[in-house]
Every structure is written in structure tokens, then in C-alpha cells.
Asker: 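Could you have a look at this structure, given as C-alpha cells, before my questions?
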Number of protein chains: 2
Amino acid sequence: MALEHAILVSLLEQPGSGYELAGRFERSIGRFWTATHQQIYRVLRRMESDGWVVAEEIGQDGRPDKRSFSVTGLGRRTLAEWLRAPVQPEAVRHELAVKIRGAAFTDGAGRADLLAEVTRYRAEHEALLATYLNGEKRDFPDPGALDVGQRLQHVVLRGGIAYERMLLDWLDDVLHTLRAL
Amino acid sequence: MALEHAILVSLLEQPGSGYELAGRFERSIGRFWTATHQQIYRVLRRMESDGWVVAEEIGQDGRPDKRSFSVTGLGRRTLAEWLRAPVQPEAVRHELAVKIRGAAFTDGAGRADLLAEVTRYRAEHEALLATYLNGEKRDFPDPGALDVGQRLQHVVLRGGIAYERMLLDWLDDVLHTLRAL
DNA sequence: TAGGCCATGTAATCCGTTACATGATTGC
DNA sequence: GCAATCATGTAACGGATTACATGGCCTA
């Protein structure tokens with residue numbers, strides 16, 4: 001129910017085409033809201049017909065034409081209204097936790113497999129933390145000299161970093177627990 | 001794609017009716033996998049016709065009859081197979097992060113509203129942490145004397161506790177950042 | 001007597017995922 | 001020559017959400 005709003009925020013930060021938005025959802029915004037290009041094009045069409053965004057046709061040579069979207073006054077007001085509404089309780093879907101509790105009903109081989117999988121998962125998140133820390137160094141080298149938008153982007157990134165650190169610590173706890181069974 | 005598996009784990013821990021499962025998804029399992037009773041009944045019907053679970057009709061007086069489900073051998077094997085598969089990358093949906101970045105495009109009143117909302121959200125999660133800690137004291141008073149299933153349930157609960165603590169710290173960071181704008 | 005709990009469902013709609021489709025350009 | 005990137009879509013399916021429906025019992 002909030003892909004529209006994530007798109008509005010992204011387009012306010014920087015206007016762009018559906019393709020460019022899909023790229024951002026793969027990178028920065030994807031840290032806290034995921035979407036595929038199919039979803040983005042569909043929602044963008046609806047947002048356009050509702051007057052939340054307008055497209056500017058940009059002819060390019062050597063490249064397909066693109067439609068660059070910007071947020072209208074109505075879109076801005078719609079976002080402001082949504083910002084005032086309470087945060088909806090989020091749908092939790094933590095597959096690894098289900099698997100860990102499920103490990104009580106497998107044999108030793110199954111548990112060894114889970115241990116290997118947790119190790120792999122941990123390495124993935126260690127790499128993700130490294131890219132976050134890299135991005136922080138690159139984008140916010142001097143935290144004292146940031147404008148409002150950058151300070152807000154930075155605090156969200158710090159949330160991602162805190163989450164990954166917490167996750168790595170907990171995965172170590174999980175590995176110890178599985179080894180000690 | 002894994003509600004089935006969450007239900008299998010829950011029914012292996014303790015057989016029960018659709019209604020009872022819905023209650024568990026509101027309480028303990030809902031910490032890492034949410035589902036409504038409508039979803040549960042639908043999936044349960046499919047699982048029954050696939051032979052993953054069997055129902056036992058229990059007539060009750062003064063109460064509607066209920067159908068108590070247990071996991072079959074096939075259900076157990078299906079779960080074991082799923083446990084061996086890699087964890088799917090999770091779909092992230094962090095509405096609050098979208099709102100924080102969106103706050104760059106509102107006025108002072110909008111930001112004051114967001115600050116109030118973050119404060120409310122923080123209180124909610126403080127209460128949630130308290131219930132987790134309470135549950136930990138109640139269900140795992142002596143961590144040295146637990147069977148395999150309990151140790152796994154405990155490590156998952158510790159994950160929830162670590163998450164809530166991390167979240168509260170980050171929300172303090174967010175509140176400071178919003179106040180300093 | 002009103003509201004909450006036990007117990008199970010149907011129907012409509014919306015959202016998300018997966019697969020498929022097109023076509024030019026640039027770099028290895 | 002092949003793969004990746006840019007750029008935009010359609011179609012089918014399945015999962016999730018929301019609303020509605022039934023009905024008896026128990027407690028304040």
C-alpha cells in the first residue's frame with residue numbers, strides 16, 4: 001500500500017524514468033522497500049492518470065526514448081497526507097527463524113545442512129554491511145556539513161547498518177546454539 | 001511461499017485447529033511470520049488434500065466442533081526438504097524509513113507530526129520488548145536445562161529481543177536527528 | 001444486554017511474482 | 001558474436017487483504 005509513496009519520495013529526491021526507478025529500487029531504496037520494474041511501471045501509470053506525477057518525453061539518439069517523471073503539487077500533497085498517518089504494523093516474514101524452529105524436527109544431517117546455510121547467509125549479510133559502510137564513507141564523509149535531505153538519508157542508512165550488525169551478532173548466537181545441540 | 005512450512009512447524013510443536021493456529025500466529029509465531037485466519041484455513045485445506053496434515057474431528061459440548069490437525073509423515077518429509085533449501089532473500093518493507101526520507105519534503109508541522117509518530121512507534125516497541133523479556137523469563141527460566149526444541153525456540157526469541165533493542169536505539173537516533181533539523 | 005471468545009468459512013479485490021516480448025547500442 | 005545495459009511493456013497466476021457471514025456460550 002505504500003509503493004506509490006516510496007516512488008513519490010524517490011522522484012522528489014530526483015526525477016527519473018521507470019527504468020531509473022527500478023535501478024534505484026535495486027540499490028538505495030531497495031534497502032527498505034523492494035519493487036520490480038513490472039510493479040513500478042504499473043503503479044507509475046496509475047499515478048500518472050491520478051495526476052500525482054507528470055511525464056516528460058525525452059528523445060535520445062542511440063537509446064530508446066524515455067519518459068522522465070516528476071511529482072506534481074497534488075502528488076506532493078498526497079505524500080504529505082500519508083506522512084501524517086500512523087505507520088502501519090509491518091508484515092513480518094522471517095524465513096530463517098521458521099527454519100531454525102523447524103530444525104527441532106529434522107535429523108543430524110538436516111541440522112548440519114542448516115548450519116551450512118546459516119553460514120552462507122551470514123557471509124551474505126557481512127558483505128551487505130560492508131557495502132553500507134562503504135556507501136556511508138562515500139556519501140556522508142563529513143556528517144557536520146549535510147543538508148536536511150542528506151541528514152535524513154544518513155539516519156536511515158545508519159538504521160540499515162545497525163540492523164546488519166545486530167543480525168551478524170545474532171547469527172553467531174545461532175551458529176553457537178546449533179553447534180552445541 | 002512458506003506459510004505452509006510455518007504451519008507445519010507449529011503443528012509439529014503442538015497439533016491444533018485452524019482457530020488455535022490463528023491464535024499462535026497472533027502470539028509467538030507472529031513474531032517472525034504473520035498470517036490471518038482466512039489465509040490459515042485456505043492453506044490448511046490445501047495441505048490436507050495434499051496429505052501433509054490430517055484432521056481429527058473433536059466434538060465439544062457448549063462449543064462449536066473443531067478439527068484438530070496433525071502433521072503426517074509426508075508433511076514431515078516435505079518440511080525436511082524445505083529446510084535443506086537456501087533461505088530466500090526477504091522482501092523488505094520498512095514504511096518508517098520511507099516516511100523519514102519523505103520528511104525532507106514536508107514543512108515544519110509535518111516534521112513535528114512525524115516526530116510524534118516516531119515517539120508513539122517507539123513506545124509500542126518498548127512494550128513489545130517488555131513482553132518478549134517477560135516471555136523469556138517465564139518460558140526459559142533455566143537455560144541450562146532445555147531440550148533441543150526449547151533451545152531453538154529460545155535462540156529465535158533472543159533474535160526478537162536483539163531486534164527490538166537495536167530498533168529502540170535507532171529510534172532514539174532518529175528522534176535526535178529530527179529534533180536537530 | 002452487549003461485547004468478547006470459540007470456531008469456521010465465502011467473496012471480491014488488490015498486490016506481487018514469474019514468464020514472456022521487443023529492439024537498439026556498447027563493450028569484451 | 002554474445003552478453004549486458006537501456007527502455008518499456010503484457011499476461012497469467014497466485015498470494016494477501018478486507019469485508020462479510022454465522023451462531024452459540026460466557027462474563028461483566
Side-chain angles (χ1 to χ4, degrees), chain A residues 1-7 10-11 14-27 29-30 32-50 53 55-69 82 85 88-95 98, chain B residues 1-7 10-11 15-27 29-30 32-50 53 55-69 82 88-95 98:
Chain A
M1 262 297 188
L3 175 56
E4 288 90 330
H5 304 104
I7 289 176
S10 190
L11 288 179
Q14 171 91 48
S17 69
Y19 186 84
E20 280 162 357
L21 277 171
R24 294 183 212 169
F25 274 85
E26 284 273 296
R27 288 184 296 272
I29 311 182
F32 49 89
W33 205 276
T34 47
T36 60
H37 79 273
Q38 292 90 335
Q39 274 177 278
I40 290 166
Y41 282 116
R42 188 151 30 105
V43 170
L44 226 31
R45 225 184 352 258
R46 188 170 63 226
M47 291 169 78
E48 195 185 7
S49 77
D50 288 348
V53 295
E56 189 198 352
E57 314 281 335
I58 298 180
Q60 304 181 114
D61 36 51
R63 292 274 170 82
D65 293 356
K66 67 175 174 183
R67 312 187 64 221
S68 186
F69 291 93
W82 176 76
Q88 293 296 111
E90 15 223 295
V92 183
R93 236 126 258 213
H94 198 333
E95 199 179 304
V98 179
Chain B
M1 263 301 187
L3 176 54
E4 289 88 332
H5 304 104
I7 289 176
S10 190
L11 289 178
S17 68
Y19 187 84
E20 281 162 357
L21 277 170
R24 294 183 214 168
F25 274 85
E26 283 274 296
R27 288 185 295 272
I29 310 181
F32 49 90
W33 205 276
T34 48
T36 60
H37 79 273
Q38 292 92 334
Q39 275 177 278
I40 291 167
Y41 282 115
R42 186 152 29 100
V43 170
L44 226 30
R45 227 186 349 259
R46 187 170 63 225
M47 291 169 77
E48 195 186 6
S49 78
D50 288 348
V53 295
E56 187 198 353
E57 313 280 335
I58 298 179
Q60 305 181 114
D61 36 53
R63 291 272 169 84
D65 294 355
K66 66 175 175 184
R67 314 187 64 221
S68 186
F69 291 93
W82 176 76
Q88 294 295 111
E90 15 224 294
V92 183
R93 234 124 259 210
H94 198 333
E95 199 180 305
V98 179

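Each chain gets a letter, A, B and so on, in the order its sequence line appears, and its residues count up from 1. Values below: all heavy atoms of this structure, side chains included; hydrogens, waters and symmetry mates excluded.
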Asker: In chain order, what residues pass the side-chain contact (heavy atoms from CB on, under 4.5 Å) check against A/Y19, with sequence neighbours excluded?
Answerer: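 side-chain contact (heavy atoms from CB on, under 4.5 Å) list for A/Y19, sorted by chain: A/S17, A/Y41.
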Asker: Give the rounded distance in Å between these two atoms: OH of B/Y19 and C1' of D/dG23.
Answerer: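 The answer, rounded to whole Å, is 13 Å.
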Asker: Rounded to whole angstrom units, what separation is found between the CZ atom of A/F25 and the P atom of C/dG16?
Answerer: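 Between P of C/dG16 and CZ of A/F25: 11 Å.
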Asker: Expressed as a whole number of angstroms, how long is the span from A/I40:CD1 to C/dC15:P?
Answerer: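 Between P of C/dC15 and CD1 of A/I40: 15 Å.
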Asker: Quick one: side-chain hydrogen bond (donor to acceptor under 3.5 Å, both in side chains) partners of B/E90, sequence neighbours excluded?
Answerer: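 Scan of B/E90 (side-chain hydrogen bond (donor to acceptor under 3.5 Å, both in side chains), adjacent residues dropped) gives A/Y121.
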Asker: Measuring from atom NE2 of B/H5 to atom CH2 of B/W33, what distance do you get when rounded to the nearest 0.5 angstrom?
Answerer: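 The distance works out to 9.5 Å.
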Asker: Does A/R42 have any salt bridge (charged side-chain N to carboxylate O under 4.0 Å, His left out) partners at least two apart in sequence or in another chain, and if so, which?
Answerer: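 Residues passing salt bridge (charged side-chain N to carboxylate O under 4.0 Å, His left out) with A/R42: none at all.
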Asker: With sequence neighbours excluded, what pairs up with B/Q38 under the side-chain hydrogen bond (donor to acceptor under 3.5 Å, both in side chains) test?
Answerer: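 B/T36.
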Asker: Looking at residues at least two apart in the chain, or sitting in another chain, which of them share a side-chain hydrogen bond (donor to acceptor under 3.5 Å, both in side chains) with A/E26?
Answerer: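 Counting only residues at least two positions away or on another chain, A/E26 forms no side-chain hydrogen bond (donor to acceptor under 3.5 Å, both in side chains).
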Asker: Check the distance between C/dC15's P and A/I7's CD1 and give it to me in whole angstrom.
Answerer: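 Rounded to the whole Å, the gap is 12 Å.
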Asker: Can you tell me the distance, in whole Å, between the CH2 atom of A/W33 and the P atom of C/dC15?
Answerer: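 Result: 11 Å.
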Asker: For the pair made of CG in B/D65 and C1' in C/dT8, what is the distance, rounded to whole Å?
Answerer: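 Spelled out: CG on B/D65 to C1' on C/dT8 is 11 Å.
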Asker: Mind checking the OG-CD spacing from A/S68 to A/E57? Nearest 0.5 Å is all I need.
Answerer: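 Result: 10.0 Å between the selected atoms.
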Asker: So which protein nitrogen or oxygen atoms get under 3.5 Å of nucleotides 9-12 of chain C's nitrogens or oxygens?
Answerer:
unit_1, atom_1, unit_2, atom_2, d
C/dG9, N7, B/H37, NE2, 3.4
C/dG9, O6, B/H37, NE2, 3.2
C/dT10, OP2, B/R45, NH2, 3.3

Asker: To the nearest 10°, let me know how far the axis at one end of the helix from C/dT1-D/dA28 to C/dC28-D/dG1 is tilted from the axis at the other, five pairs an end.
Answerer: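 If I round to tens, the end axes sit 40° apart.
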Asker: Which residues pass the salt bridge (charged side-chain N to carboxylate O under 4.0 Å, His left out) test with B/R45, sequence neighbours left out?
Answerer: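 Counting only residues at least two positions away or on another chain, B/R45 forms no salt bridge (charged side-chain N to carboxylate O under 4.0 Å, His left out).
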Asker: Between D/dG15, D/dT8, C/dA7, which nucleotide gets closest to the side-chain atoms of B/R46?
Answerer: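 The answer is D/dG15.
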Asker: How close or far is atom P of C/dC14 from atom CD of A/Q39, stated in whole angstroms?
Answerer: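 The answer, rounded to whole Å, is 16 Å.
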Asker: Taking the nucleotide of DNA chain C with the nearest heavy atom to each, does B/S68 or B/Q88 sit closer to the 5' end?
Answerer: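 First, find each residue's nearest nucleotide; the 5'-ward one identifies B/S68.
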Asker: In whole angstrom, give the distance that lies between atom CG of A/L21 and atom P of D/dT8.
Answerer: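 Going from CG in A/L21 over to P in D/dT8 covers 9 Å.
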Asker: For B/E48, give me all partners under salt bridge (charged side-chain N to carboxylate O under 4.0 Å, His left out), at least two apart in sequence or on another chain.
Answerer: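 For B/E48 the salt bridge (charged side-chain N to carboxylate O under 4.0 Å, His left out) partners, ignoring immediate neighbours, are B/R67.
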Asker: More 5' along DNA chain C: B/S17 or B/R93, using each one's nearest nucleotide?
Answerer: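 Its nearest nucleotide being more 5', the pick is B/S17.
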Asker: Looking at D/dT18, D/dA7, C/dT17, which one has an atom nearest to any side-chain atom of B/A91?
Answerer: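 Output: C/dT17.
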